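One structure below.
Order of the sequence lines sets the chain letters (A, B, ...), proteins ahead of strands, with each chain counted from 1. Treat the numbers as computed from the prediction; the structure is a model and nothing was measured.
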Protein chains: 2
Amino acid sequence: MKNEIAEILKRNQLSVTGSRTKILELFQETNGALAHADIEKKTDETYDRVTIYRTLQTFVEKGIIHTIPTADNSVRYALCKDECTTGHHHDNHVHFICDDCGTTYCLDNITVPEVILPKGFTQKRADVIVSGICKNCE
Amino acid sequence: MKNEIAEILKRNQLSVTGSRTKILELFQETNGALAHADIEKKTDETYDRVTIYRTLQTFVEKGIIHTIPTADNSVRYALCKDECTTGHHHDNHVHFICDDCGTTYCLDNITVPEVILPKGFTQKRADVIVSGICKNCE
DNA sequence: AATTATTTGCAACAATGTTGCATTCGAATA
DNA sequence: TATTCGAATGCAACATTGTTGCAAATAATT
Ligand SMILES: [Mn+2]
Ligand SMILES: [Mn+2]
Ligand SMILES: [Zn+2]
Ligand SMILES: [Zn+2]
């Protein structure tokens, strides 16, 4: 496990450091998505806020994690399961946010449906965020 | 126009005040969506930041405007064109955000496609956010 | 082990969002 | 129109979130 994490980092030309290992580990053992604040808590503030920001940013750039937009000003992050690479994400699955417990699910086998845009618009990315009550809260 | 705005406010049991009138006016004359910061600028900081926050919140509750989640931690707001009411929004159209100019479009006649959720999940709301290059920037 | 490039933590700051409370203002009533 | 009363506003104070520059620490390379 620890070795696997180091592998992922090396494969992405990132040096293996404490914060990166720990944060990646957190993502591995978390089902849903994590917000910056979650990570701060789960690491007991071992790492500086700035470090966490920069780590998340780096991971997103390298295609290790992807962002999930929300309606409440709090971007979440989750592991990429597809073959995402630097600058190229392929996480075209639907996300679900529970209004009750706040858990964010990556619905990996529900793909984002095609959207036909008006003339002149070019699509780079598409996000589908569904919210409501999750299977644990109903 | 001014009268129409007052009408909307009254219909929603809101007293007609300067800030509410001005902010609603802004939304009427804006094609795309507005973020809190946009409104502050466009009103030349005539109104307190707190008042703007509260006004936006009230408008969302009353179904006068709806929120648009974004991947960069900056919720935008746009006029509801459907018959939204207190606590019940029906803005099921796709939103497009231009990576270049930042403009957020309500694609009113592109409706959000159905998403079939796993057992146990109940949908309350669904957002589709497409980003890329808009017709003005290509 | 020494070198070098990268990463980290700290400080200082900017931006964004929240709450309580006194004052002001709008709407209804007399 | 003047009075009354509840609602909206502005201000202050604060909390949270995000950004930048730079020196110190650390990881990878030689
Ligand atoms: Mn995901
Ligand atoms: Mn819209
Ligand atoms: Zn839940
Ligand atoms: Zn554009």
Side-chain angles (χ1 to χ4, degrees), chain A residues 2-3 5-26 33-62 64-65 67-77 86 102 104, chain B residues 2-3 5-26 33-62 64-65 67-77 86 102 104:
Chain A
K2 204 102 183 185
N3 238 342
I5 287 173
E7 276 314 308
I8 296 174
L9 292 174
K10 280 176 193 159
R11 190 186 319 144
N12 286 281
Q13 287 126 1
L14 295 174
S15 45
V16 181
T17 68
S19 55
R20 282 175 182 165
T21 305
K22 179 64 190 168
I23 292 174
L24 193 42
E25 210 173 284
L26 268 182
L34 296 169
H36 178 275
D38 297 327
I39 296 169
E40 257 188 299
K41 267 172 225 141
K42 295 215 179 197
T43 53
D44 271 322
E45 302 179 0
T46 311
Y47 308 107
D48 195 86
R49 260 155 23 78
V50 181
T51 302
I52 299 176
Y53 279 116
R54 294 199 264 227
T55 303
L56 289 172
Q57 199 179 294
T58 305
F59 284 1
V60 169
E61 278 163 17
K62 292 291 188 178
I64 299 172
I65 59 176
T67 56
I68 302 160
T70 73
D72 72 329
N73 266 331
S74 76
V75 173
R76 320 258 164 103
Y77 303 85
T86 303
T104 304
Chain B
K2 204 100 181 187
N3 239 341
I5 288 172
E7 274 316 307
I8 296 174
L9 293 174
K10 280 175 194 161
R11 189 185 319 143
N12 286 281
Q13 286 127 358
L14 295 174
S15 44
V16 181
T17 69
S19 53
R20 284 175 181 165
T21 306
K22 180 64 191 168
I23 292 174
L24 193 42
E25 210 173 285
L26 268 181
L34 296 170
H36 178 275
D38 298 326
I39 296 169
E40 257 189 298
K41 268 172 222 137
K42 296 217 179 196
T43 52
D44 271 320
E45 302 180 1
T46 311
Y47 308 105
D48 195 84
R49 261 156 20 80
V50 181
T51 302
I52 298 176
Y53 280 116
R54 293 200 264 228
T55 303
L56 290 172
Q57 199 179 296
T58 305
F59 284 2
V60 168
E61 279 163 16
K62 291 293 188 176
I64 299 172
I65 60 177
T67 56
I68 303 162
T70 72
D72 73 326
N73 265 335
S74 75
V75 173
R76 320 258 164 101
Y77 303 85
T86 302
T104 303

*Counting just side-chain N and O atoms, does A:N73 come under 4.0 Å of either OP1 or OP2 of C:dT16?*
no
_Under 3.5 Å donor-acceptor, A:N12 side chain and A:L14 backbone_ = no
_At under 4.0 Å between heavy atoms, how does the protein contact nucleotides 3-10 of chain C? Give one character per nucleotide, 5' to 3', with B, S or -._
----SBBB
*Could you give the CD-to-C1' distance, from B:Q57 to C:dT16, as a whole number of Å?*
14 Å
*So do the side chains of B:T46 and B:K22 get within less than 4.5 Å of each other, counting heavy atoms only?*
no
*asked:* Closest-nucleotide mapping onto DNA chain C: is B:K10 or B:E40 further toward the 5' terminus? I mean the 5' end.
replied: B:E40
*asked:* I'd like to know if the side chain of A:R20 reaches the main chain of A:T55, judged simply by a donor and an acceptor atom lying under 3.5 Å from each other, with no hydrogens or angles considered.
replied: no
*asked:* Rounding to an integer number of Å, can you tell me how far A:R49 CZ sits from C:dA14 P?
replied: 15 Å
*Is the closest side-chain heavy-atom distance between B:I39 and B:Y47 below 4.5 Å?*
no
_If we check side-chain contact (heavy atoms from CB on, under 4.5 Å) with A:Y77, which of these qualifies: A:V60, A:I64, A:I68?_
A:V60
*Considering all heavy atoms of both residues, which atom of B:R76 and which atom of B:G102 are nearest to each other, and what is their separation?*
NH1-O, 3.1 Å
*Compare every heavy atom of A:R49 with every heavy atom of A:H36, then report the nearest pair and how far apart it is.*
NE2-O, 3.5 Å
*Contact boundaries of DNA chain D with chain A (under 4.0 Å, heavy atoms), 5' to 3'?*
D:dT17 to D:dA28
*Heavy-atom pair of closest approach, residues A:D72 and A:T70*: OD1-OG1, 2.6 Å
